[in-house]
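The chain is numbered in sequence order, starting from 1.
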Amino acid sequence: MSLRRLTPDDAEAYRALMLEAYERHPDAFTSTVAEREALPLSWWTSRLDASATAPQIVLGAFDHKGLLAGAAGILFESREKSRHKANLFGMYVAPAARQGGFGRELVLGLLAEASAREGVRLVQLTVTQGNDAAQALYERCGFAAFGVEPFAIAQGGTFLSKVHMWRAVAAPA
């Protein structure tokens, strides 16, 4: 496995992987496959801005064949009062790559990116309540739950709750 920041050249592979994610696990994501499928490739490319001050970073985990097998992103808050926070989003590892450490490496890689960004003190995320494997991964990476948002997403006539989690990445100034 190798881990690296995705660039605009990876947009097609990233789009395909995430559409798979939305299709296979609709309860894990706020977006639907139909919503994301309708977006032009330029939208996916814009998420992969390679500049040092990009508002978000997406990391990719590649298998031994060099194929994109997992991805996750981090979005840096831009507003003055919340610039100390970042949000982990879009975590997905393809079934064939699960149990291979891909998810852990993606989370740890994003935490390193957050630590390297000036002023960032914590990373937050949400995980669908009942997704015990994902929540356990985040806990192993140092995240702690701080609340549950009831009725967070509507999925097929059912409402699902989201567990909010956080982790410090740098000591307060």
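Ion pair Arg4/Asp10 flagged as a salt bridge, since at least one NZ, NE, NH1 or NH2 atom sits closer than 4.0 Å to an Asp/Glu carboxylate oxygen.
For Glu12, the CD atom sits in a loose shell: 12 or fewer heavy atoms of surrounding residues, nucleotides or ligands are nearer than 6.0 Å. Open room surrounds CZ on Phe151; 12 or fewer heavy atoms of other groups in view lie less than 6.0 Å from it. For Glu23, the CD atom is loosely surrounded, since the number of other residues' heavy atoms within 6.0 Å does not exceed 12.
Ring pair Tyr138/Phe143 is perpendicular by interplanar angle, where above 60° counts as perpendicular and below 30° as parallel.
Contact of the Leu122 side chain with the His84 side chain is registered, since non-hydrogen atoms from C-beta on lie closer than 4.5 Å. Looking only at side-chain heavy atoms (C-beta outward), Pro55 and Asp49 come within less than 4.5 Å of each other. By the 4.5 Å heavy-atom criterion applied to side chains, Val148 and Gln129 are counted as neighbours. In this structure, Arg5 and Val58 have side chains that are not in contact, with every pair of non-hydrogen atoms separated by 4.5 Å or more. Put simply, the side chain of Arg83 does not reach to within 4.5 Å of the side chain of Phe76, judged on heavy atoms. In this structure the side chain of Lys85 never reaches within 4.5 angstrom of the side chain of Trp166, judged on heavy atoms. Side-chain contact between Val169 and Arg121 is absent, with no heavy-atom pair separated by less than 4.5 Å. Phe146 places a side-chain heavy atom less than 4.5 Å from the side chain of Gln124.
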request  = Determine, step by step, whether Tyr22 and Glu35 satisfy the side chain to side chain donor-acceptor pair (under 3.5 Å) criterion, reporting the C-alpha distance in whole Å, the side-chain angles of both residues, the deciding distance to 0.1 Å, and the verdict.
outcome  = CA-CA 10 Å; Tyr22 303 134; Glu35 289 169 331; over 6 Å; no
ask   = Are Val107 and Met91 close enough, and set up right, to give a side chain to side chain contact (heavy atoms under 4.5 Å, CB included), and what steps lead you there?
value = CA-CA 8 Å; Val107 173; Met91 173 74 164; 3.8 Å; yes
task = Decide side chain to side chain donor-acceptor pair (under 3.5 Å) for Glu149 and His164; before the verdict, give the C-alpha distance in whole Å, the side-chain angles of both, and the deciding distance to 0.1 Å.
result = CA-CA 7 Å; Glu149 177 184 356; His164 289 255; 3.0 Å; yes
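Within the model, atoms CZ of Phe89 and CG of Leu110 stand 8.5 Å from one another, a figure rounded to the nearest 0.5 Å. With rounding to the nearest 0.5 Å, the separation of CG in Leu88 from CD in Gln56 is 12.0 Å. Glu77 CD to Leu75 CG: the interatomic distance, rounded to the nearest 0.5 Å, is 6.5 Å.
At a threshold of 4.5 Å between side-chain heavy atoms, the hydrophobic network of Ile, Leu, Val, Met, Phe, Trp and Tyr places Ile57 and Leu17 in two separate groups. Connection of Tyr92 to Leu160 is not established within any shared hydrophobic cluster, with ILVMFWY side chains joined at heavy-atom distances below 4.5 Å, either directly or through further cluster members. Residues Leu68 and Ile74 fall into different hydrophobic clusters, defined by Ile, Leu, Val, Met, Phe, Trp and Tyr side chains chained together at heavy-atom separations under 4.5 Å. Residues Leu67 and Phe102 are members of separate hydrophobic clusters, defined by side-chain heavy-atom contacts under 4.5 angstrom among Ile, Leu, Val, Met, Phe, Trp and Tyr.
Considering all non-hydrogen atoms of both residues, Phe62 and Leu6 come closest at CZ-CD2, 3.7 Å. Of all non-hydrogen atoms in Gly70 and Leu106, the two that sit nearest each other are C-CD1, 3.8 Å. Smallest separation of non-hydrogen atoms from Leu3 and Glu105: CD2-O, 3.3 Å. Nearest heavy-atom pair across Leu59 and Gly109 is CD1-C, 3.4 Å. The shortest heavy-atom contact between Trp44 and Leu19 is CZ2-CD2, 4.3 Å. Across every non-hydrogen atom of Leu111 and Cys141, the tightest pair is CD1-O, 3.9 Å.
In this structure, Ser31 contributes its side chain and Arg36 its backbone to no donor-acceptor pair below 3.5 Å. Although no hydrogens or angles enter the test, the distance criterion places no donor-acceptor pair under 3.5 Å between the side chain of Thr126 and the main chain of Val163. Looking only at distances, no side-chain donor or acceptor of Arg140 sits under 3.5 Å from a matching main-chain atom of Gln135. Here the side chain of Lys162 pairs no donor or acceptor atom with the backbone of Leu125 at under 3.5 angstrom.
Under a cutoff of 6.0 Å and an axis angle of 45°, Arg47 and Tyr14 do not form a cation-pi pair.
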